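This report refers to the structure that appears directly beneath it.
Please read these numbers as outputs of a predicted model, since none were measured by experiment. Per chain, numbering begins at 1; letters A, B, ... match sequence-line order.
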Protein chains: 2
Amino acid sequence: MATIKEIAKAAGVSHSTVSRALNHSPLIKEATRKRVQAIAAEMDFEVNQAARSLNQSISNTIGLVIPEFFGDMKSELFFASLIGKLIHTLQLQGFLIKIEYGGIEDQRVRRLARSKNVDGLILIQKDLPEEDFLVLKESRMPYVFLHYEPELFSTKDMNLVKTDHQYGGWLATSHLLTNGRRKLMTLTALDGISVEYQERTSGFLKALSEYREEQSGVIKTRLTFEDAYQKVFSSRKIQDGQINGLFAQTDIIALASIEAMKDLGIRVPEDISVIGYDNLEIGSYFKPYLTTVEQPVDALVAKGSDLLMRQIKEQGIFPEQQLIQPKLIVRSSV
Amino acid sequence: MATIKEIAKAAGVSHSTVSRALNHSPLIKEATRKRVQAIAAEMDFEVNQAARSLNQSISNTIGLVIPEFFGDMKSELFFASLIGKLIHTLQLQGFLIKIEYGGIEDQRVRRLARSKNVDGLILIQKDLPEEDFLVLKESRMPYVFLHYEPELFSTKDMNLVKTDHQYGGWLATSHLLTNGRRKLMTLTALDGISVEYQERTSGFLKALSEYREEQSGVIKTRLTFEDAYQKVFSSRKIQDGQINGLFAQTDIIALASIEAMKDLGIRVPEDISVIGYDNLEIGSYFKPYLTTVEQPVDALVAKGSDLLMRQIKEQGIFPEQQLIQPKLIVRSSV
DNA sequence: CTGAAAGCGCTTACAG
DNA sequence: CTGAAAGCGCTTACAG
């Protein structure tokens with residue numbers, strides 16, 4: 001409601017002076033600045049962002065391109081946490097948030113990239129058509145791919161912050177192996193869900209081959225507690241004691257596995273060791289406390305937003321990829 | 001990058017015509033409109049929101065005033081869900097989100113209310129100084145208090161959508177009573193956390209008095225799994241079999257209670273029935289499956305955003321309060 | 001049906 | 001140190 005003109009009138013100066021005073025311009029006499037600021041505070045003045053944005057060609061907005069399911073995430077607590085923390089961090093830096101639900105078919109990313117409606121883009125989506133990526137680069141819009149590495153295009157010439165899931169899978173599996181478990185199985189996502197699960201499986205196989213062991217089975221499941229429970233409960237190999245270690249690729253399906261084994265009369269970790277992936281809070285609630293690989297959410301958020309901020313400040317420093325190493329959280333299920 | 005002027009040049013019309021064509025003005029000839037739209041799409045045109053906002057005095061932004069802890073919520077999965085769904089709903093309506101972390105001390109709400117930087121305000125915070133509320137009303141800024149009912153001021157003359165937690169507490173307790181449990185205890189939050197827990201306790205007492213029973217104890221705990229576990233594990237009354245029903249006022253502390261009882265050698269529900277509150281997904285994972293009171297998150301989000309949208313459209317329809325009745329989810333822990 | 005003009009509320013180069 | 005002026009990119013009343 002209050003504008004700098006009204007403040008100007010009340011203070012007996014021009015609106016240019018008010019603008020400078022409120023923006024801490026060194027040109028303004030200290031006394032004037034104080035007087036103007038006092039009046040502005042008195043009037044509950046808040047600068048009109050639209051006017052400022054139009055003038056300065058900055059929007060103070062970050063576009064967040066995320067998977068459709070945010071807002072109704074059940075088995076995807078990791079995403080809830082990632083996106084929540086990201087929003088938290090961006091707001092602390094004073095940005096508005098423009099959420100766009102991904103989907104690689106439409107033109108949203110290109111249009112945003114070529115508009116002045118966002119100052120930067122955080123892309124959490126599995127993929128992007130190469131053509132859109134070219135528009136994005138050419139537009140000079142600051143961006144970072146977070147968590148997912150797009151595969152549809154070949155170049156590595158992009159800003160990217162992601163977790164080294166292959167290492168995570170290797171870490172989990174090595175931990176089972178060094179604990180004397182040799183008959184290992186992994187419980188992973190259905191095909192086409194996301195490459196990250198393929199990477200975890202690849203780490204699983206890598207660790208096994210280092211120990212000159214064969215895998216004893218790969219079970220694919222939807223990432224829900226119910227489905228994972230059923231898959232494990234009805235697995236012949238598990239029932240028959242043919243395996244003694246399970247790498248379940250999310251904590252939810254790891255907990256479901258333990259529950260299924262419990263109902264099968266199999267003891268964890270005495271008969272079968274189980275290791276999860278995510279380090280969700282609830283893994284530490286129930287016995288056996290879940291040994292797991294931590295998704296470095298905080299690091300992902302910190303490094304991702306940091307890289308974006310640097311891109312925004314220093315217009316187009318050159319592409320940077322960061323691969324974050326997850327950590328092992330040892331509890332009692334192995 | 002592209003502006004309506006450039007489109008105008010490419011289409012051989014004035015920029016006024018472009019603006020009208022893009023906004024589906026009925027004044028524009030069909031052929032012109034199609035041609036302009038095709039060119040705009042070709043150029044990946046996206047309207048400059050700052051310019052539009054400045055001109056129209058609308059920001060396309062909703063301010064979300066929420067508790068500080070979002071982004072690092074652990075025991076507060078309910079909030080993660082509420083805020084996630086709210087953001088999802090608002091973005092579907094095309095709004096930007098401006099997150100403000102509450103705290104009743106500063107002037108943020110007043111300043112936002114008197115600015116043109118948001119079109120409406122959703123307030124999820126425990127309280128607000130009465131003076132700020134008066135500024136809010138006087139400003140005619142559309143708003144709705146969601147989930148929390150501010151108590152610092154006396155009037156009921158506000159827009160409010162909340163859950164009837166007293167009814168929720170009554171519902172839980174009645175369910176225990178009708179199942180023959182008469183020695184009832186409740187596990188609630190520490191004082192001063194939020195009135196909603198007082199309301200749940202009040203419903204607990206109301207149900208008991210309808211059955212002419214006395215309460216057998218009120219335990220206060222932090223709302224973490226660990227703390228609740230300790231409180232229940234070390235409760236004399238529970239150890240000594242003096243109670244046969246527990247109303248735990250969140251699902252997390254209900255699950256912790258069940259775990260503590262398990263370790264105490266108490267069977268649920270045979271020895272003690274336990275009922276929770278929230279209806280978190282994980283309540284249905286482990287046996288005994290948790291009977292609980294559902295927090296009507298979807299209804300809260302739908303009715304809250306609906307009320308706000310109506311306030312925005314019909315500038316200042318009169319204040320409206322909606323009290324949402326939670327539902328009982330019967331599973332196997334009672 | 002279309003165009004020229006005014007104005008939304010700021011910031012900042014220019015002049016003093 | 002301060003002010004007058006221009007301009008950011010739109011929308012829309014006014015004129016034709």
Side-chain angles (χ1 to χ4, degrees), chain A residues 1-37 39-40 43-61 94 96 111-119 139, chain B residues 1-37 39-40 43-61 94 96 111-119 139:
Chain A
M1 229 54 170
T3 66
I4 55 171
K5 279 194 184 169
E6 295 175 45
I7 296 172
K9 193 182 293 175
V13 293
S14 76
H15 74 276
S16 315
T17 297
V18 172
S19 172
R20 291 191 184 100
L22 262 23
N23 290 299
H24 299 93
S25 160
L27 294 174
I28 297 295
K29 211 197 320 182
E30 177 72 4
T32 313
R33 190 178 59 71
K34 285 218 164 125
R35 189 156 48 88
V36 169
Q37 285 178 338
I39 292 171
M43 295 171 96
D44 287 333
F45 175 76
E46 175 148 321
V47 69
N48 183 318
Q49 284 296 350
R52 174 177 275 173
S53 294
L54 180 57
N55 178 289
Q56 302 195 327
S57 285
I58 51 110
S59 63
N60 251 293
T61 301
L96 298 188
R111 289 173 56 201
L112 269 181
R114 305 193 60 190
S115 79
K116 285 181 178 157
N117 290 335
V118 294
D119 297 341
S139 74
Chain B
M1 228 56 168
T3 66
I4 55 171
K5 278 194 185 169
E6 295 175 45
I7 296 172
K9 194 183 293 174
V13 293
S14 74
H15 73 277
S16 316
T17 298
V18 173
S19 172
R20 291 191 184 103
L22 263 22
N23 290 298
H24 297 94
S25 160
L27 293 175
I28 297 295
K29 211 196 320 181
E30 178 72 3
T32 313
R33 188 177 61 69
K34 284 215 164 127
R35 190 157 47 88
V36 169
Q37 285 178 337
I39 293 171
M43 296 171 97
D44 287 332
F45 175 76
E46 177 147 320
V47 69
N48 183 318
Q49 284 297 349
R52 175 179 273 174
S53 294
L54 179 56
N55 178 289
Q56 302 195 326
S57 285
I58 51 109
S59 63
N60 251 293
T61 301
L96 299 187
R111 288 174 55 200
L112 270 181
R114 304 193 59 189
S115 81
K116 284 180 180 161
N117 290 335
V118 294
D119 297 340
S139 75

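Look at NZ on K9(B): it is 15 Å from P on dG3(C), rounded to the nearest Å. For the pair R33(A) CZ and dT2(D) C1', the computed distance is 16 Å after rounding to whole Å. The nearest whole Å value for the distance from the CG atom in N117(A) to the P atom in dC10(D) is 9 Å. As rounded to whole Å, 12 Å separates atom P of dC8(D) from atom NE2 of H15(B).
With sequence neighbours excluded, the residues forming a side chain to side chain donor-acceptor pair (under 3.5 Å) with E46(B) are N117(A), listed by chain and number. In this view, N55(A) satisfies the side chain to side chain contact (heavy atoms under 4.5 Å, CB included) rule with no residue, not counting sequence neighbours. Applying the salt bridge (Lys or Arg N to Asp or Glu O under 4.0 Å) test to R20(B) and every residue at least two apart in sequence or in another chain returns nothing. When the side chain to side chain contact (heavy atoms under 4.5 Å, CB included) test is applied to S57(A), the partners found at least two apart in sequence or on another chain are K116(A). Checked against side chain to side chain contact (heavy atoms under 4.5 Å, CB included), A11(B) has the following partners two or more places apart in sequence or in another chain: V13(B), R35(B), V36(B), I39(B). Qualifying salt bridge (Lys or Arg N to Asp or Glu O under 4.0 Å) partners for K34(B), counting only residues two or more places apart in sequence or in other chains: E30(B). Under the rule for a salt bridge (Lys or Arg N to Asp or Glu O under 4.0 Å), K9(A) has no partner lying at least two apart in sequence or in another chain. Residues forming a side chain to side chain contact (heavy atoms under 4.5 Å, CB included) with T61(A) (at least two apart in sequence, or on another chain): S59(A), L96(A), K98(A), V118(A), L96(B). Scanning for salt bridge (Lys or Arg N to Asp or Glu O under 4.0 Å) contacts around D44(B) gives R110(A), R114(A), with sequence neighbours left out.
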Point to revise | Secondary structure string for DNA chain C (Watson-Crick or G-U under 3.5 angstrom, | for other-strand pairs) | key: |||.||||||||.|||

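Listed by residue number, the members of residues 19-32 of chain A with any heavy atom below 4.0 angstrom from DNA chain C are S19(A), R20(A), N23(A). Less than 4.0 Å separates DNA chain D from at least one heavy atom of each of the following residues of residues 49-60 of chain A: L54(A), N55(A).
Residue T17(B) places its side chain closer to dG3(C) than to any other of dG3(D), dG3(C), dG9(D). In this structure, the nucleotide among dC10(C), dG9(D), dA5(C) sitting nearest to the side chain of N48(A) is dC10(C).
With no hydrogens or angles considered, a side-chain donor-acceptor pair links T17(A) and S14(A) at under 3.5 Å.
One C1' atom belongs to dG16(C), the other to dT12(C), and the distance between them is 16 Å to the nearest Å.
Here the closest heavy-atom approach between residue L22(B) and residue A40(B) is recorded as CD1-CB, 4.0 Å.
When each of F45(A) and S14(B) is assigned the nucleotide of DNA chain C with its nearest heavy atom, S14(B) is the one assigned upstream, toward the 5' end.
Under 4.0 angstrom from either OP1 or OP2 of dG9(C) there lies at least one side-chain N or O belonging to K116(B).
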